[in-house]
Colleague: 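Sharing a structure below in C-alpha cells format, with a few things to ask.
Residue numbers start at 1 and run along the sequence shown. Values below: every heavy atom of this structure, side chains too, minus hydrogens, waters and symmetry copies.
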Amino acid sequence: MKTFDNKVVIVTGAGSGIGRATAIAFAQEGAKVIVSDIKEQDGLATVEAIKKEKGEAYFIKCDVSFEDQVKNLVDKTVEKYGRLDCAYNNAGVEGSPSSTVECSTENWDKTININLKGVWLCMKYEIPAMLKYGKGSIVNCSSIAGLVGFEAIPAYVASKHGVIGLTETAALEFAKKNIRVNAVCPGAIHTPMLDRFTHGEEKAMADQDPMGRVGKPEEIAESVLWLCSDKSSYVTGQSIAVDGGWVAH
C-alpha cells in the first residue's frame, strides 16, 4: 500500500515549481490529484507528467482570489471523486518589489488577494468537504517571509505572515473534528518564482544560505506529504521552515 492510496488531494498553483513537484509526489504515493492553476497549459502539463508515470490526475482551472472559482474547484473535486482528504494550498505570487511607502495599492491588493485571501477561501470550502467524511489534512504555503521580515516586499511578507495566523486559527477551530491544518515555510527554492525574484542571480541567495545552496521543489513536497500523512497525526497548527537553516542564522 502506498501512503495516499484512494486519497483525493487538491493542489493549487500546481502548474509549476513547488506545486507541480508536490502534485507529482502525491500521485507517486497513490493519490488521485486535482491539479489546479490559473494557467491551463501549465496545469495540463502537470497532469500529463503524472499520467506518464501511471498516476491519476485531473485539471481544474482556478483563480484562488475569486470565491466562485474556489467553490467550483472543491465542488467539482467532490463531484468527480466523491470526497476530499487532503489539500495543499500553494497558489501564490511574489508581487512587485518596492518599499513599504512605495508599494502601490494595486500590487498590495493583488498579492494579498491571491496569497492570503486565496488560502482563506480554499479552507472555507475544503474544510466542510472534509468534515463530511470525518477527517482531513490541509497544508498552507507560507514562506520564511512569513516568519521574518524582508525589505522591499511588504505585501508578500504581510500575506505570508497572515497565512501563518490563519493556519493557527483554523487548526484550533477544527482540532477536535479530526481536521489538521499546518503550513510549510519554504526558503529560497529553485523555481520560476525565485528566478523572477532574483533576476536569474540565484547564486546570491545560495551564498546566504547556511547550507550554501537553494532548495529543490521536491524537498518542499516531501514536507507537505509528511504533514498530510498519518505519520504527522499529532501535528496541527504548526508552521515548519524548510529553508536550509535560513531563519536560524
Colleague: So, the side chain of Ser98 versus the backbone of Ala152: is there a donor-acceptor pair under 3.5 Å, distance only?
Modeller: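 Between the backbone of Ala152 and the side chain of Ser98 there is no qualifying donor-acceptor contact (under 3.5 Å).
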
Colleague: Could you state the interatomic distance from OG (Ser96) to NZ (Lys110), rounded to the nearest 0.5 Å?
Modeller: 7.5 Å

Colleague: When the side chains of residues 57-64 are checked against the rest of the protein, which donor-acceptor pairs come out under 3.5 Å, sequence neighbours left out?
Modeller:
unit_1 : atom_1 : unit_2 : atom_2 : d
Asp63  : OD1    : Ser65  : N      : 3.0
Asp63  : OD1    : Ser65  : OG     : 2.7

Colleague: Roughly how far, to the nearest 0.5 Å, is the CG atom of Leu116 from the OH atom of Tyr156?
Modeller: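 Rounded to the nearest 0.5 Å, the OH-CG separation comes out at 12.5 Å.
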
Colleague: Using 0.5 Å steps for rounding, measure from the OG1 atom of Thr111 to the CD1 atom of Ile114.
Modeller: 7.0 Å

Colleague: Nearest 0.5 Å, what's the CD1-CG distance between Ile10 and Asn89?
Modeller: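 Output value for this atom pair is 8.0 Å.
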
Colleague: Would you sort out whether Lys132 and Val78 count as a side chain to side chain contact (heavy atoms under 4.5 Å, CB included), showing the intermediate values?
Modeller: CA-CA 11 Å; Lys132 290 180 181 178; Val78 176; 5.7 Å; no

Colleague: Salt bridge check: are Asp230 and Lys7 linked by an N-O gap of less than 4.0 Å?
Modeller: no

Colleague: The criterion is salt bridge (Lys or Arg N to Asp or Glu O under 4.0 Å); which residues satisfy it with Asp207, sequence neighbours excluded?
Modeller: Lys203

Colleague: One pair to check against side chain to side chain contact (heavy atoms under 4.5 Å, CB included): Ile164 and Glu168. What are the steps and the verdict?
Modeller: CA-CA 6 Å; Ile164 290 177; Glu168 293 172 348; 3.7 Å; yes

Colleague: According to the salt bridge (Lys or Arg N to Asp or Glu O under 4.0 Å) rule, which pairs have a member within residues 28-56, sequence neighbours left out?
Modeller: none

Colleague: Judged by atom type as modelled, is there a donor-acceptor pair below 3.5 Å linking the side chain of Thr46 to the main-chain atoms of Ala14?
Modeller: yes

Colleague: If every non-hydrogen atom of Val35 is compared with every non-hydrogen atom of Ala23, which pair is closest and at what distance?
Modeller: CG2-CB, 4.3 Å

Colleague: When you measure from the side chain of Ser239 to the backbone N and O of Ala183, does any donor-acceptor pair fall under 3.5 Å?
Modeller: no

Colleague: For atom CG of Asp75, is the number of surrounding heavy atoms from other residues, nucleotides or ligands below 6.0 Å larger than 12?
Modeller: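 Result for CG/Asp75: enclosed.
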
Colleague: Do you know the tightest heavy-atom contact between Leu147 and Ala241?
Modeller: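 Looking at all heavy atoms of both residues, the closest pair is CD1-CB, 3.9 Å.
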
Colleague: Just jot down the side-chain contact (heavy atoms from CB on, under 4.5 Å) partners of Asp5, sequence neighbours excluded, or say none.
Modeller: Met1, Lys2

Colleague: Give the minimum heavy-atom separation between Cys122 and Thr12, together with the two atoms involved.
Modeller: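 Residues Cys122 and Thr12, closest heavy atoms: SG-CG2, 4.1 Å.
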
Colleague: Testing the basics here: between Asn90 and Gly13, what is the closest heavy-atom pair and its distance to 0.1 Å?
Modeller: ND2-O, 3.1 Å

Colleague: Under 3.5 Å, side chain of Lys135 to main-chain N/O of Arg180, donor-acceptor pair present?
Modeller: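 Checked: no pair found.
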
Colleague: Would you say that Ile144 contacts Phe150 through its side chain, given a criterion of any heavy-atom pair below 4.5 Å between the two side chains?
Modeller: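 Contact flag for Ile144/Phe150 side chains = yes.
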
Colleague: Would you please test Leu227 and Val235 for side chain to side chain contact (heavy atoms under 4.5 Å, CB included) and show each step?
Modeller: CA-CA 8 Å; Leu227 286 169; Val235 180; 4.0 Å; yes

Colleague: Does the pair Val139 and Cys228 meet the rule for a side chain to side chain contact (heavy atoms under 4.5 Å, CB included), with working shown?
Modeller: CA-CA 7 Å; Val139 178; Cys228 282; 3.7 Å; yes

Colleague: Calculate, to the nearest 0.5 Å, the distance between atoms CG and CE belonging to Leu121 and Met123 respectively.
Modeller: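 It is 10.0 Å, given to the nearest 0.5 Å.
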
Colleague: Please name the pair of heavy atoms, one in Leu73 and one in Thr77, separated by the smallest distance, quoted to 0.1 Å.
Modeller: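 Looks like O-OG1, 2.7 Å.
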
Colleague: Can you tell me how far NZ of Lys71 sits from OH of Tyr125, rounded to the nearest 0.5 angstrom?
Modeller: 6.5 Å

Colleague: Sort and list the pairs that fulfil ring-ring contact (aromatic ring centres under 6.0 Å, His included) and have at least one residue in residues 3-24, not counting sequence neighbours.
Modeller: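 Checked against ring-ring contact (aromatic ring centres under 6.0 Å, His included) - neighbours excluded - the pairs reaching residues 3-24 are Phe4-Phe26.
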
Colleague: Group every Ile, Leu, Val, Met, Phe, Trp and Tyr by side-chain heavy-atom contacts under 4.5 Å, then state whether Val70 and Val8 land in the same group.
Modeller: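 In one cluster: yes.
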
Colleague: Please check: side-chain N/O of Asn107 versus main-chain N/O of Cys103, any donor-acceptor pairing under 3.5 Å?
Modeller: no

Colleague: Can you tell me which residue among Asn182, Thr167, Asn115 is in a side chain to side chain donor-acceptor pair (under 3.5 Å) with Asn140?
Modeller: Thr167

Colleague: Give me each pair satisfying ring-ring contact (aromatic ring centres under 6.0 Å, His included) with a member in residues 65-91, each pair once, sequence neighbours excluded.
Modeller: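 ring-ring contact (aromatic ring centres under 6.0 Å, His included) check on residues 65-91 returns no pairs.
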
Colleague: Search all heavy atoms of Leu225 against all heavy atoms of Ala25 and return the closest pair with its distance.
Modeller: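 Between these two residues, the closest heavy atoms are CD2-O, 3.6 Å.
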
